[in-house]
Chemist: 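This is the structure, below, for whatever I ask next.
Note that this is a predicted model, so its numbers are computed, not measured. Chain naming here is simple, since letters A, B, ... match the order of the sequence lines and numbering starts at 1 in each.
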There are 2 protein chains.
Amino acid sequence: MKKIDILKKLRSSGLRPTKQRVEIAKFLFEREKTFHFTVESLNKLLIKKLTSKIALATIYNTVHAFKIAGHLSEVEVRGKKTYFDTNISNHHHFYDSETAELIDIDANDIIIQKIPKAPNGKKIKNVEVFINLKN
Amino acid sequence: MKKIDILKKLRSSGLRPTKQRVEIAKFLFEREKTFHFTVESLNKLLIKKLTSKIALATIYNTVHAFKIAGHLSEVEVRGKKTYFDTNISNHHHFYDSETAELIDIDANDIIIQKIPKAPNGKKIKNVEVFINLKN
DNA sequence: AATCTAGTTTATAATTATTCTAAAGTGAAA
DNA sequence: TTTCACTTTAGAATAATTATAAACTAGATT
């Protein structure tokens, strides 16, 4: 994803392309593979990469704004920190609690044959499968 | 579940049946249906039910001890608070984010046809399906 | 280009869930 | 009934996240 596309992405979702947002967006979206992170891990990586520091609160704000805009998804993992994923397509996860690491599973690699009806007036928003790993 | 069984349950898992543990165990396990709760919600309910207050730290300790002993399971829901479930059999959940409510899904009500192999030297510990609901 | 302004960033304080601490209390073995 | 390892307790500490409010800035308006 090129700089011009980063700007487009931000503007089209109503986010003013500030210096900080552009830096974070470049870091997150200019990559081939999907990327899993927490705000803390992202902060550390940004400190290494950038010369000027971005305030932690800004990273929280930005990640949240990207999530609202649909550019990031939040992953259903229990634990202290919240995980985010640059893969916003419908998919599933392995979770290795030893290493606190997430691995994407393509939606096509899991087929659910039988599923219950949603209760009383509710609808199914999405189905997420979690495969917890051990050694 | 009767009082004598509560005592057995505690003793057999190496937990000294103190006044507080017995009260909490009675509250949690003397019921027909499975029960979902957070430490906060449990605390509020216990305050209503009991005459003497149990320290919040004790509720944390006890719930944790019950979980280690296998009498409770911790549910994988993203969010600030940790959810526990008196249903310790292998099963799945609906999650209604509007009401922050969990509903059990019997393991037999979901059949997974295809599942990927665990990565490099890892094994599958368990598979948990989450069905997120909307209105 | 200078001005303006709503939206943004920032440092720091506040909040919230949870864990830690260490002193006082207690089940149950001897 | 004495003893002691295990528990409970109140309150402090920790850690992730959110709120605050002052300073800053992208981009529209003049």
Side-chain angles (χ1 to χ4, degrees), chain A residues 3-4 6-27 36-47 50-69 71-72 74-84 100, chain B residues 3-4 6-27 36-47 50-69 71-72 74-84 100:
Chain A
K3 168 120 189 205
I4 183 72
I6 294 280
L7 295 180
K8 236 182 250 176
K9 178 174 221 158
L10 292 176
R11 269 194 247 271
S12 70
S13 41
L15 295 166
R16 211 150 68 177
T18 63
K19 193 156 39 97
Q20 294 86 340
R21 283 178 179 160
V22 172
E23 287 296 353
I24 295 173
K26 278 167 69 184
F27 187 80
H36 296 106
F37 63 95
T38 65
V39 168
E40 189 203 23
S41 72
L42 177 58
N43 187 35
K44 279 185 185 161
L45 291 167
L46 286 172
I47 287 172
L50 305 177
T51 47
S52 59
K53 190 182 183 307
I54 297 179
L56 189 58
T58 301
I59 299 177
Y60 273 100
N61 287 342
T62 303
V63 165
H64 194 238
F66 286 1
K67 185 199 149 195
I68 298 294
H71 304 318
L72 288 174
E74 195 176 328
V75 188
E76 293 279 349
V77 200
R78 258 241 54 79
K80 309 227 167 210
K81 295 171 200 166
T82 304
Y83 282 79
F84 295 91
Chain B
K3 170 125 189 202
I4 183 73
I6 294 281
L7 295 180
K8 237 182 247 172
K9 178 172 218 156
L10 292 176
R11 269 194 248 271
S12 70
S13 42
L15 295 167
R16 214 151 67 178
T18 64
K19 193 157 40 98
Q20 293 84 344
R21 282 179 180 159
V22 172
E23 287 296 353
I24 296 173
K26 278 167 68 184
F27 187 79
H36 296 105
F37 63 95
T38 66
V39 169
E40 191 204 22
S41 72
L42 177 57
N43 186 36
K44 279 185 187 161
L45 292 168
L46 286 173
I47 288 171
L50 305 177
T51 47
S52 60
K53 191 183 183 305
I54 298 179
L56 189 58
T58 301
I59 299 178
Y60 272 101
N61 287 342
T62 303
V63 166
H64 195 238
F66 286 0
K67 185 198 151 195
I68 298 295
H71 304 318
L72 289 174
E74 194 176 328
V75 188
E76 294 280 347
V77 200
R78 167 193 62 210
K80 308 228 164 209
K81 295 172 199 165
T82 304
Y83 281 80
F84 294 91

Chemist: Please list, one pair per line, the donor and acceptor atoms closer than 3.5 Å that link side chains of residues 53-62 of chain B to other protein atoms, with sequence neighbours excluded.
Modeler:
| residue | atom | partner | partner atom | Å |
| --- | --- | --- | --- | --- |
| N61(B) | ND2 | A57(B) | O | 3.4 |
| T62(B) | OG1 | T58(B) | O | 2.7 |

Chemist: Just to verify, what does A25(B) make a side-chain contact (heavy atoms from CB on, under 4.5 Å) with, not counting sequence neighbours?
Modeler: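 Scan of A25(B) (side-chain contact (heavy atoms from CB on, under 4.5 Å), adjacent residues dropped) gives I6(B), F29(B), F66(B).
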
Chemist: Taking the side chain as every heavy atom from C-beta outward, state whether R16(B) and L10(B) have any atom pair closer than 4.5 Å.
Modeler: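 Counting from C-beta outward, R16(B) and L10(B) never come under 4.5 Å.
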
Chemist: Kindly state which residues belonging to residues 36-47 of chain B come within less than 4.0 angstrom of DNA chain C, counting heavy atoms of the residue only, listed by number.
Modeler: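 Listed by number, there are none.
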
Chemist: Starting from the 5' end of DNA chain D, give me the residue, T82(A) or L56(B), whose nearest nucleotide shows up first.
Modeler: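 Nearest nucleotide further toward 5': that of L56(B).
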
Chemist: Any donor-acceptor pair under 3.5 Å linking the side-chain atoms of T82(A) with those of R78(B)?
Modeler: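 Absent: no donor and acceptor within the cut-off.
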
Chemist: Identify the 5'-most and 3'-most nucleotides of DNA chain C with at least one atom closer than 4.0 Å to a non-hydrogen atom of chain B.
Modeler: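 So the contact region on DNA chain C extends dA17(C) to dA28(C).
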
Chemist: Would you list the atom pairs, donor with acceptor, under 3.5 Å between side chains in residues 37-44 of chain B and any protein atom, with sequence neighbours excluded?
Modeler:
| residue | atom | partner | partner atom | Å |
| --- | --- | --- | --- | --- |
| T38(B) | OG1 | E40(B) | N | 3.4 |
| T38(B) | OG1 | S41(B) | N | 3.0 |
| T38(B) | OG1 | S41(B) | OG | 3.4 |
| E40(B) | OE1 | K81(B) | NZ | 2.5 |
| S41(B) | OG | T38(B) | N | 3.0 |
| S41(B) | OG | T38(B) | O | 3.0 |

Chemist: Calculate the interatomic distance between I59(B) atom CD1 and dT9(D) atom C1'; express it in whole Å.
Modeler: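 Atom CD1 in I59(B) sits about 12 Å away from atom C1' in dT9(D).
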
Chemist: Report the C-alpha separation of L15(B) and R21(B) in whole Å, then their side-chain angles, then the decisive distance to 0.1 Å, and conclude whether the side chain to side chain contact (heavy atoms under 4.5 Å, CB included) test is met.
Modeler: CA-CA 9 Å; L15(B) 295 167; R21(B) 282 179 180 159; 4.0 Å; yes

Chemist: Verify side chain to side chain contact (heavy atoms under 4.5 Å, CB included) between E76(B) and E76(A), making sure each step is shown before the conclusion.
Modeler: CA-CA 7 Å; E76(B) 294 280 347; E76(A) 293 279 349; over 6 Å; no

Chemist: Would you name the heavy atoms of P17(A) and L7(A) that are closest together and state the gap between them?
Modeler: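 Smallest heavy-atom distance, with atoms named: CB-CD2, 3.6 Å.
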
Chemist: Quick one: K19(B) NZ to dT8(D) C1', roughly how many Å, whole number?
Modeler: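 That distance rounds to 9 Å.
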
Chemist: V75(A) and F84(A): which non-hydrogen atoms are nearest, and at how many Å?
Modeler: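 Looking at all heavy atoms of both residues, the shortest contact is CG2-C, 4.2 Å.
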
Chemist: Could you pull out the protein-nucleic contacts involving nucleotides 5-7 of chain D (nitrogen or oxygen on both sides, under 3.5 Å)?
Modeler:
| residue | atom | partner | partner atom | Å |
| --- | --- | --- | --- | --- |
| dC6(D) | O2 | R16(B) | NH2 | 2.7 |
| dT7(D) | OP1 | R21(B) | NH1 | 3.0 |
| dT7(D) | OP1 | R21(B) | NH2 | 3.4 |
| dT7(D) | O5' | R21(B) | NH1 | 3.2 |
| dT7(D) | O5' | R21(B) | NH2 | 3.2 |

Chemist: Would you find more than 12 non-hydrogen atoms of other residues, nucleotides or ligands less than 6.0 Å from H64(B) atom NE2?
Modeler: no

